[in-house]
There are 2 protein chains.
Amino acid sequence: MNKKVLLVDDEPDIIAILKYNLEKEGFDVRTATNGKEGIAVANEFVPDIIVLDVMMPEMDGIEMCIELRSLPKLQNILIAFLTARGEDYSQIAGFDSGADDYITKPIKPRVLISRLKALLRRGGVEKVVEETTSGLRIDRNQYAVFSGDNEITLPKKEFELLALLMSKPGNIFTREIILDTVWGSDIVVGDRTIDVHIRKLREKIGDHYIKTVKGVGYKVVI
Amino acid sequence: MNKKVLLVDDEPDIIAILKYNLEKEGFDVRTATNGKEGIAVANEFVPDIIVLDVMMPEMDGIEMCIELRSLPKLQNILIAFLTARGEDYSQIAGFDSGADDYITKPIKPRVLISRLKALLRRGGVEKVVEETTSGLRIDRNQYAVFSGDNEITLPKKEFELLALLMSKPGNIFTREIILDTVWGSDIVVGDRTIDVHIRKLREKIGDHYIKTVKGVGYKVVI
DNA sequence: AAAAAGATTAAGGTTAACTTAATACAGGTT
DNA sequence: AACCTGTATTAAGTTAACCTTAATCTTTTT
């Protein structure tokens, strides 16, 4: 049974690219170009996840999100906000209109897909906790990681890097994906930066959790 | 039944050379010199594979590719991009408009042919997880192979080699195809290199999975 | 039996990743 | 504003893993 995605964005080009790529991945996709239309489609289509541009004419993403959350039928749908990088994030996040994830544009289709899958996989807000059988646990709400019983506090970048790896324990993440997701596709930092962060992580959580696959990337052992 | 190829390139000379060589190999060839024409021919001809120059006037390869993928009838056709060497590859690959292979020009006709044959043989997209009845499993997301229950981590080349063999379990892969696919048509390594990698693989996953067919190539037992 | 193809082993060179230390930067505090 | 503290990034040197080749041995084919 394919997962249903509703894309809401006022730019037809972006819609087209994302739609194509999501469908290739096996998603069932519908689209809308403004908030009003989005609500209508959501009502009839009842998607699993809605990807929502924050900035839109007529009814913007935040308004749409609030309205969606007020409809009983649509209360449990996952909502991912698309925001332009550098946009006043606090305004959106602080508002807490009920989004489950914030994704910054520009984003490569590949990366978007992996974020959406991660969201669907962990089922949104209530499953912010991810745990491996090897004993590593991450709690996105607490912004904390646990190795066995003891809590380890991580700075932002280190946390985000580990959170990415933990979003799919066992899966490999290439350096490219890591840079795109943790740093953003328009920020340019060297490859060594990743190494150093991995090093710091290993220092704090223990060596055995993160595995290097040379020439490919990193993964968290299950 | 001959395989049907559609060549789309704005340079008549290149078209002529490739057409001649492909026909000599038994392919059924049609051509087009721009994207619009390409779509039209594709619609009527319904080729097995389309070879598409990225840089073209009017409608470029990427646009054409996206449009092709939007037509139900043509969704499963294989698409190979021709790109000039040194061209900003990331722009193309990152865009992920749905190509099945990227081939850099200049390319020798016989190399192109072997690439196309490889593509047609494995039917383009590979499954993420592939498993044989003999108990060998490969997971491209995890970048891991399993022999029965235990996970075996492989370095890049070994993994890619096994991944190729596992893309069609039971099928034979010639040394030429292996070199083209795993090493790339422009990299020249000796034949012994393949042997050594096969040896390492057998050492790690067990001798019985990979079978040598002398004078032909290797295959994974089903 | 000779020739060809593949298997095996060890060794070298290359590249990617690790490590350490130094610098730059941000946030908070005096 | 100056200072402190912790974090992020870069640079440079080191280490380790991997890839490839060469040389030798074994098997298969003619």
Side-chain angles (χ1 to χ4, degrees), chain A residues 85-86 88-90 143-145 151-165 172-221, chain B residues 143-145 152-165 172-221:
Chain A
R85 185 174 303 285
D88 187 5
Y89 192 86
S90 61
Y143 209 87
V145 290
E151 180 175 346
I152 300 149
T153 311
L154 297 176
K156 192 159 180 272
K157 283 277 187 263
E158 285 167 43
F159 184 86
E160 284 177 7
L161 172 51
L162 184 60
L164 173 63
L165 297 180
I172 190 112
F173 292 83
T174 64
R175 282 162 179 274
E176 195 194 354
I177 292 288
I178 291 171
L179 285 177
D180 275 2
T181 313
V182 178
W183 277 267
S185 50
D186 49 356
I187 289 173
V188 187
V189 295
D191 254 17
R192 296 302 114 240
T193 303
I194 297 177
D195 301 7
V196 174
H197 280 86
I198 291 285
R199 160 110 213 310
K200 297 248 177 74
L201 274 173
R202 281 174 172 155
E203 215 165 56
K204 289 171 187 170
I205 67 176
D207 277 345
H208 51 297
Y209 291 122
I210 299 173
K211 194 167 164 46
T212 305
V213 180
K214 219 177 154 160
V216 187
Y218 296 93
K219 64 177 172 176
V220 165
V221 296
Chain B
Y143 209 88
V145 290
I152 300 148
T153 310
L154 298 176
K156 199 159 182 262
K157 283 274 187 278
E158 284 166 43
F159 184 87
E160 284 175 7
L161 172 51
L162 184 59
L164 173 63
L165 298 180
I172 191 123
F173 292 83
T174 65
R175 283 163 178 274
E176 195 194 353
I177 294 291
I178 290 171
L179 284 177
D180 275 2
T181 313
V182 177
W183 277 266
S185 50
D186 46 357
I187 290 173
V188 187
V189 296
D191 253 18
R192 295 302 112 238
T193 303
I194 297 176
D195 301 7
V196 173
H197 280 86
I198 291 284
R199 168 92 226 314
K200 296 250 178 73
L201 274 174
R202 283 173 171 157
E203 211 166 59
K204 288 172 187 170
I205 67 176
D207 278 344
H208 51 297
Y209 290 122
I210 299 172
K211 193 168 161 52
T212 305
V213 180
K214 232 178 152 161
V216 188
Y218 297 93
K219 66 175 171 177
V220 163
V221 295

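Naming: A, B, ... by sequence-line order, numbering from 1 per chain.
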NZ on B:K157 to CH2 on B:W183, rounded to 0.5 Å: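 B:W183 atom CH2 to B:K157 atom NZ measures 6.5 Å (nearest 0.5 Å).
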
Spatial distance of atom CD (B:E158) from atom CZ (B:R199) [nearest 0.5 Å]: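 If we round to the nearest 0.5 Å, B:E158:CD and B:R199:CZ are 11.0 Å apart.
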
Polar atom pairs (N or O), protein with nucleotides 28-30 of chain D, under 3.5 Å:
unit_1	atom_1	unit_2	atom_2	d
D:dT28	O4'	B:K214	NZ	3.4

How many whole angstroms separate atom [atom1] of [X] from atom [atom2] of [N]?
X: B:K204; N: C:dT8; atom1: NZ; atom2: P; result: 15 Å
X: A:K211; N: C:dA16; atom1: NZ; atom2: P; result: 19 Å
X: B:K157; N: C:dT15; atom1: NZ; atom2: P; result: 12 Å
X: A:I178; N: C:dA17; atom1: CD1; atom2: P; result: 10 Å
X: B:I198; N: C:dT8; atom1: CD1; atom2: P; result: 11 Å
X: A:I172; N: C:dA16; atom1: CD1; atom2: P; result: 15 Å
X: B:E158; N: D:dC19; atom1: CD; atom2: P; result: 6 Å
X: A:R202; N: C:dT19; atom1: CZ; atom2: P; result: 7 Å

Where is the tightest heavy-atom contact between [X] and [Y], given as atom of each residue plus distance?
X: B:I178; Y: B:I194; value: CG2-CD1, 4.1 Å
X: B:T193; Y: B:H197; value: O-ND1, 2.9 Å
X: A:L161; Y: A:V182; value: CA-CG2, 3.9 Å
X: A:L165; Y: A:I198; value: CD1-CD1, 4.4 Å
X: A:I172; Y: A:K219; value: CA-CB, 3.9 Å
X: B:R202; Y: B:D207; value: CB-OD1, 3.4 Å

More than 12 heavy atoms of other groups within 6.0 Å of A:K204 NZ: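 Result for NZ/A:K204: enclosed.
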
Touch class at under 4.0 angstrom, heavy-atom based, for A:T193 against every strand present: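 Contact class for A:T193: base.
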
Sugar-phosphate, base or nothing in reach of B:F159, heavy atoms under 4.0 Å: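 It contacts nothing in the nucleic acid.
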
Nearest listed nucleotide, side chain of A:V189, among D:dT9, D:dC19, C:dC18: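 Nearest listed nucleotide: D:dT9.
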
Whichever of B:V216 and A:T212 has its nearest DNA chain C nucleotide further upstream toward 5':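 The residue closer to the strand's 5' end, by nearest nucleotide, is B:V216.
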
Report each atom pair, protein N/O against N/O of nucleotides 20-25 of chain C, whose distance is under 3.5 angstrom.
unit_1	atom_1	unit_2	atom_2	d
C:dT20	OP2	A:R199	NH2	3.1

Do any side-chain nitrogens or oxygens of [X] fall under 4.0 Å of OP1 or OP2 in [N]?
X: A:R175; N: C:dA17; result: yes
X: B:W183; N: D:dT20; result: yes
X: B:Y218; N: C:dA7; result: yes

Geometric class of the B:F159/B:Y143 ring pair [parallel <30°, tilted 30-60°, perpendicular >60°]: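 Answer is parallel, since the angle falls under 30°.
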
